[in-house]
Amino acid sequence: MTDKKEAGFLQGLASYGDRDFSIYMRRAFARSQGWQMSELARPVVGIANTFSQFNPCHRHFPELIQAVKRGITAAGGLALEFSTISLHESTLSPNSMKFRNLMALDTEEMIRAQPMDAVVLMGGCDKTVPAQLMGALSAGKPAIQLIGGPQMTSRFKDDRVGACTDCRKFWTKYRAGEIDKAEIEAVEGRLVTTAGTCAVMGTASTMAAIAEALGMTLPGTAAIPAVHADRLRAAEATGVEAVRLIKSGLTPGQIITQKSVENAIRVLLALGGSTNGVIHLAAIAGRAGCTLDLKRLNELSDTTPLLAAVKPVGNEWYMEDFFAAGGIGAVLRELKPLLHLDVMTITSETLAERLAAEEEFYVDRRVIKPLAEPIEPQGGLVALFGSLAPDGAIIKRSAATPSLFEKEGRAVVFTSLDDMAARIDDPALDVTADDFMILQNAGPRSAYAMPEAGFLPIPKKLLQQGVKDMVRMSDARMSGTAFGTIVLHIAPEAAIGGPIALVRNGDRIRLSVKNRTLDLLVDEAELAKRRAALPKQADTSGLKGYDKLFRTTVMQAPDGCDFDFCR
Ligand code: FES
């Protein structure tokens with residue numbers, strides 16, 4: 001009988017008060033699955049499986065899991081898959097962000113409590129990758145991420161289409177009356193036609209890139225399309241690597257450090273990646289005992305050129321093109337002079353060693369630009385500070401309209417999502433294209449739990465006048481596939497009495513992307529009056545269960561919206 005106390009299948013025994021009985025019971029049940037004793041003596045690799053029929057982005061995971069298992073078995077390990085919570089963007093109410101931390105807790109505790117020496121984290125759709133990295137960091141066992149990969153594009157008439165930048169493009173046309181109901185229904189059937197995550201540089205692809213930039217995936221694997229044979233090969237190689245990881249003993253906390261977090265920010269900026277990436281990376285950094293300071297984000301943004309022209313940046317290229325163009329490796333090689341090259345990666349190579357082995361790799365310069373000839377000289381995201389956002393806000397300038405960057409406007413305020421839904425298309429709404437539309441009470445502690453509602457729809461009457469973009473602001477988030485001059489994550493949020501709660505119709509607001517400022521131009525005496533009249537903070541005494549846990553412990557956007565007790 002194996003007598004390893006802290007490794008293999010007999011680690012972490014159930015507490016019956018009789019160790020030998022615990023072993024006897026565990027093996028009796030394990031053998032019911034047909035395992036040989038010799039197999040149970042192997043090093044154990046858990047596979048955190050997020051397949052779910054509520055998550056179409058992960059519908060290919062059963063095939064991927066078989067490949068991971070082949071790799072683990074070939075390398076001498078015992079592969080044991082286990083299910084965790086799975087999160088999809090469109091099948092969760094009120095939104096998936098509310099459950100990211102729950103998935104992180106589930107992942108952490110199941111890695112810790114079950115007898116495994118290492119774990120393969122299989123994620124893809126937006127919140128799953130950050131949740132798994134957060135959980136694995138806290139669990140502290142060796143872990144490797146396997147990304148599910150993006151969808152392939154499809155066709156609608158003459159258009160090449162992919163979720164979900166094109167989802168929004170067509171929906172805007174429908175709202176403007178440019179296409180009819182029959183046509184939008186036809187589009188609906190063409191937007192998502194393969195397994196995998198959204199086909200553009202949305203949040204899922206951004207988080208995949210961040211996972212590779214942090215060193216938590218095998219090199220070159222983050223952007224492989226979901227249905228590509230290379231994805232299966234990457235899955236098998238990840239299984240092999242997971243067994244090797246047991247020997248090296250490298251844990252996520254040794255890979256995710258302040259330096260690798262900064263590398264990941266550089267990659268996020270060079271990709272013009274999702275604004276959600278800032279929140280998730282802050283949460284991951286927090287679990288590793290590191291920080292993602294928004295002032296530092298701006299310093300890095302000033303010195304990190306935008307290199308990748310993948311939608312919603314530009315109007316031509318999708319993730320499958322980005323993969324064929326060289327993927328994250330090509331971006332990392334361009335950024336080399338700006339990166340911390342001495343950081344450790346999952347293969348026990350430093351980043352310098354990884355990149356040295358890839359110098360001759362092909363790059364398609366139509367999609368990934370050289371450092372010396374970037375799309376923009378600065379990064380795609382910038383943090384704003386000022387009297388409207390004392391703790392910061394984010395704007396994705398690479399997907400915004402530069403002519404709106406330096407502007408003062410009149411506030412048109414919606415006090416909640418319901419208020420906005422009720423009035424946005426009202427012909428009597430007093431709004432012009434020069435106004436700033438403000439959405440309040442959509443932050444993390446609101447009842448909506450920070451939905452992706454920051455992409456406020458342009459009022460129908462303005463759409464019909466041909467207005468394509470206008471300044472919009474909120475304490476909400478925005479899908480990584482969305483675009484427009486949109487200020488997000490305003491902190492502190494309205495639900496805890498942040499200045500955004502004090503904005504009233506007709507107030508003047510000044511936005512300066514150049515100066516990184518966002519100011520409410522109302523005098524302090526008037527603001528003090530409004531503050532005193534604010535309703536008391538939302539009463540959470542009637543809440544129960546997870547709802548109560550979330551609403552009372554979730555932190556603000558600059559802290560990654562993690563639970564305060566998980567840092
Ligand atoms: Fe899953 Fe976009 S909905 S990645």
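Counting starts at 1 for both ligands and their atoms, in listed order.
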remark   = Of all protein heavy atoms, the one nearest atom 3 (S) of ligand 1 is H88 NE2, 3.5 Å
ask   = For residues T275 and K396, is any side-chain donor paired with an opposing acceptor at under 3.5 Å?
value = no
query = For ligand 1, which atoms sit closer than 4.0 Å to a heavy atom of E89?
reply = 3 (S)
ask   = What atoms in ligand 1 come closer than 4.0 Å to a heavy atom of A204?
value = 4 (S)
Pair K173 + D180: basic N to acidic O under 4.0 Å = no
request  = Could you label the plane-to-plane angle of the Y174 and W171 rings as parallel, tilted or perpendicular, counting under 30° as parallel and over 60° as perpendicular?
outcome  = tilted
query = Hey, is atom 2 (Fe) of ligand 1 within less than 2.8 Å of some N/O/S atom on C57?
reply = no
request  = Confirm or rule out an N/O/S atom of C198, from backbone or side chain, lying less than 2.8 Å from atom 1 (Fe) of ligand 1.
outcome  = no
ask   = Which ligand 1 atoms does D126 reach within 4.0 Å, using its non-hydrogen atoms?
value = 2 (Fe), 4 (S)
ask   = Would the number of heavy atoms belonging to other residues, nucleotides or ligands and lying under 6.0 Å from OH of Y546 be above 12?
value = yes
Residue pair R231 / T221, side-chain donor-acceptor N/O under 3.5 Å = no
